[in-house]
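Here is the structure we will look at.
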Amino acid sequence: MQLPPPDSREMPPLSPAVFHILLALADGEMHGYAIMSHVESSTNGGIKIGPGTLYGNIKKLLADKLIHETDQRPDPDMDDERRRYYGLTAAGAQVLNAELERMRKALRLARGKKFIQPAGATA
Amino acid sequence: MNKSLRIYSWLLKLYPRSFLENFGTEMRQVFQAKYRAASRENRVAKLWLNTLIDLLSSTIHEHLDEFRTNMTLQSLDRRLSFGRLFVAIALSLFAFCVIATLFIVPRVYHGMTRIVIEPVKNPSAAAPAYDSYVIQTAVERIQSREILEPVARQMGHYKAFGQILGKDARRHPNEAIEMLGKMIDVRQIRNTALLEIRAYSSDPHMSAQIANEIAQVFKENQERRNSIYATSIVDLANPVERAVRPNIPLNVVVGFVGSIVIAVMLAVLIRAVFRLRTPVMT
């Protein structure tokens, strides 16, 4: 599936895996296993991405230039040189922001319907 | 560890070659790291379960993606040679045939009761020992409403019969009689006064019961008529556990031959379509 241009306002929602991969890379450049661990820990184990799903999405994101492969390594002495690191591109950041904005609007709409309690409110 | 990694490395071959060349090493590294973490927490079985689910869904996805992006008419033409097409079609058809025969086609069992129609032992009666008209009349009468109605009424008490009919047979006698008529076959044994009453259903016990019930009702009917011919039951039907349909060996042989014939025809047709549509390079 080809992702739409990042500036598209009619962008369809990202899949949970793509969204969480982009969100993980928003914290900095990471290798595949770090991305998987980050997604799992940040969702308290709610979302687990297997190697096939991870690299299938990385392939698409690289093709769509939403992420890039980087040569810089955080600690070249400590790291396995076969590992590849990935980082968010400007277009990727734009897509992630657009998705977060879409979520924010949906959340505001749901709160307007009193469907969701505002944060901090008790039942 | 080494064994799990070897199995995973072997399973990675299920991915398209280009995907594997690009990400295979990293995927192995990721699996290795996850395996170490899972071993520490005694979660190896769960890791394998999640890995296999991920592998299944992602390999299908990657192959479809590869097909969508790389397949052109020319590349398909190169890949789908006559031999490959033939083998793929023949194997698929044969597998379908075997699976359908073994698991999909419903089993049909038959029960068979034999009766004989002979003249009443009366020296003054002028009835011949064997009269083909009498036998033919009996064949038709057995399949008539006169006989089937009391049998259908009797069978209406059995839940299995109602299940086959899809409704209560006692409340829908006409439909029960019609169905009963379709479930039976009456044949004369050549040049004898013997008749075979065969009943077919998905339940061997019910098949035997129907055949026996029809024979009994016909016998009583003949006795009430004071016919100069008497009916005796020679053999009662017993439930036979071996299904008469489908004939598994026959279906497999026919399926094998049919698959080869159809595969040849389809492969020739597909190759002909490719030849027509693929531009010839000059």
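Below, chains carry the letters A, B, ... as their sequence lines are ordered, and counting in each starts from 1. In what follows, every heavy atom counts, from backbone to side chain, and hydrogens, waters and symmetry copies are set aside.
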Side chains of A:M36 and B:K34, heavy atoms from C-beta outward: is any pair under 4.5 Å?
yes

Give a yes or no answer on whether the side chain of B:D54 reaches the backbone of A:I49 with a donor-acceptor pair at less than 3.5 Å.
no

Could you look at A:I35 and say if it's the side chain, the backbone, both or neither that has a heavy atom under 4.5 Å from chain B?
neither

Counting only heavy atoms not in B:R107 (residues, nucleotides, ligands), do more than 12 fall under 6.0 Å from its CZ?
yes

More than 12 heavy atoms of other residues, nucleotides or ligands under 6.0 Å from CZ of A:R104: yes or no?
yes

salt_bridge(A:K59, B:D65) N-O dist < 4.0 Å:
yes

CZ/B:F256: more than 12 non-hydrogen atoms of other groups inside 6.0 Å:
no

Under 4.5 Å heavy-atom distance to chain B, tell me which part of A:E40 shows up: side chain, backbone, both or neither.
side chain

Drop me the distance from A:I58's CD1 to B:E26's CD, to the nearest 0.5 angstrom.
7.0 Å

Within a radius of less than 6.0 Å around CZ of B:F96, do more than 12 heavy atoms belonging to other residues, nucleotides or ligands occur?
no

Nearest 0.5 Å, please: how far is NZ in A:K60 from NE2 in B:H61?
4.5 Å

State, with a plain yes or no, whether a side-chain heavy atom of A:Y55 is found less than 4.5 Å away from one of B:S58.
no

Taking non-hydrogen atoms and a cut-off under 4.5 angstrom, which of residues 15-23 of chain B neighbour chain A?
B:Y15, B:F19, B:N22, B:F23

Largest heavy-atom contact set with chain B, pairs under 4.5 Å, which of A:G52, A:S37, A:G50:
A:G52

